[in-house]
Amino acid sequence: MKIYIAHSREFDYEKELYWPIRASKKLPQVDIILPHEPGYDNRQDRDFYRHLDLIIAEVSYSATGLGIELGWAADDHTPIVCIYQEGRKYSSSLHAITDQFYEYASNEELQATIERIIVKNQY
């Protein structure tokens, strides 16, 4: 299963998103792409999104690039699930591309939420 984690650059995503994902003991069995991870070439073309099994979008912070990515994925019928930090508001326009939204309050909840999302979306 190939999973792309989409997000804004407007927060400390390495500490608040990447570290909890990579620290999870249950997630290594799937291919998780973190686009700004050191060593990863994050220059995806339009075709890249057609070959994903799932996009998990961290939507606590809005971003134009994130919206473009999600629009391309939705156009290709790639499943999209949104996660957001407790107390943050996400854009209501996201309801046009998915009805799956999950709130988390801590690193542990983030890990558990992503694990549940993956299990639910595996074929």
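For clarity, every value in this text was computed on a predicted model and none was experimentally measured. Throughout, residue positions are numbered sequentially from 1 according to the sequence presented.
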Query raised in the report: Would a hydrophobic clustering, with Ile, Leu, Val, Met, Phe, Trp and Tyr connected at side-chain separations under 4.5 Å, put I32 with M1?
Result: yes
Query raised in the report: Are W19 and L17 connected in a single hydrophobic cluster, I mean Ile/Leu/Val/Met/Phe/Trp/Tyr linked by side-chain heavy atoms less than 4.5 Å apart?
Result: no
Query raised in the report: What distance separates C82 SG from Q100 CD, expressed to the nearest 0.5 Å?
Result: 9.0 Å
Query raised in the report: Nearest 0.5 Å, what's the OG-NZ distance between S60 and K89?
Result: 13.0 Å
List the atom of [X], the atom of [Y], and the distance in Å for their closest heavy-atom pair.
X: Y104; Y: T113; answer: CB-OG1, 4.3 Å
X: E103; Y: G87; answer: OE2-N, 3.8 Å
X: A6; Y: E69; answer: CB-OE1, 3.8 Å
X: I80; Y: I97; answer: CD1-CD1, 3.9 Å
X: Y102; Y: K120; answer: OH-NZ, 3.3 Å
X: P35; Y: H7; answer: CG-NE2, 3.9 Å

Modelled atom types, side-chain donor and acceptor of [X] and [Y], under 3.5 Å:
X: E16; Y: Q85; answer: yes
X: E58; Y: S8; answer: no
X: D47; Y: H51; answer: yes

Query - F48 ring center near Y4 ring center (under 6.0 Å) - result: yes
**Report entry** Trace of the side chain to side chain contact (heavy atoms under 4.5 Å, CB included) decision for I56 with I83
**Finding:** CA-CA 7 Å; I56 298 175; I83 60 175; 3.9 Å; yes
Side chains of [X] and [Y]: closer than 4.5 Å at any heavy-atom pair?
X: I21; Y: I5; result: yes
X: R46; Y: D76; result: yes
X: F11; Y: R88; result: no

Query raised in the report: What's the verdict on side chain to side chain contact (heavy atoms under 4.5 Å, CB included) for D53 and V30, showing C-alpha distance, side-chain angles and the deciding distance?
Result: CA-CA 11 Å; D53 296 305; V30 294; over 6 Å; no
Requested in this report: Kindly indicate, with the supporting measurements, whether the criterion side chain to side chain contact (heavy atoms under 4.5 Å, CB included) is fulfilled by L54 and V81.
Outcome: CA-CA 8 Å; L54 176 66; V81 177; 3.9 Å; yes
Query raised in the report: What's the verdict on side chain to side chain contact (heavy atoms under 4.5 Å, CB included) for L70 and L94, showing C-alpha distance, side-chain angles and the deciding distance?
Result: CA-CA 9 Å; L70 297 179; L94 291 167; 3.8 Å; yes
Query raised in the report: For Y49 and H77, what are the C-alpha separation, side-chain angles and deciding distance, and is it a ring pair (Phe, Tyr, Trp, His ring centres under 6.0 Å)?
Result: CA-CA 10 Å; Y49 301 90; H77 307 288; over 10 Å; no
Report task. Determine, for K2 against D31, whether the closest basic-nitrogen to carboxylate-oxygen distance falls under 4.0 angstrom. Result -> no
Query raised in the report: For G71, does its backbone N or O pair with a side-chain atom of D75 as donor and acceptor, under 3.5 Å?
Result: no
Requested in this report: Mind running ring pair (Phe, Tyr, Trp, His ring centres under 6.0 Å) on Y18 and Y13 for me, showing each step along the way?
Outcome: CA-CA 6 Å; Y18 290 11; Y13 53 84; 5.2 Å; yes
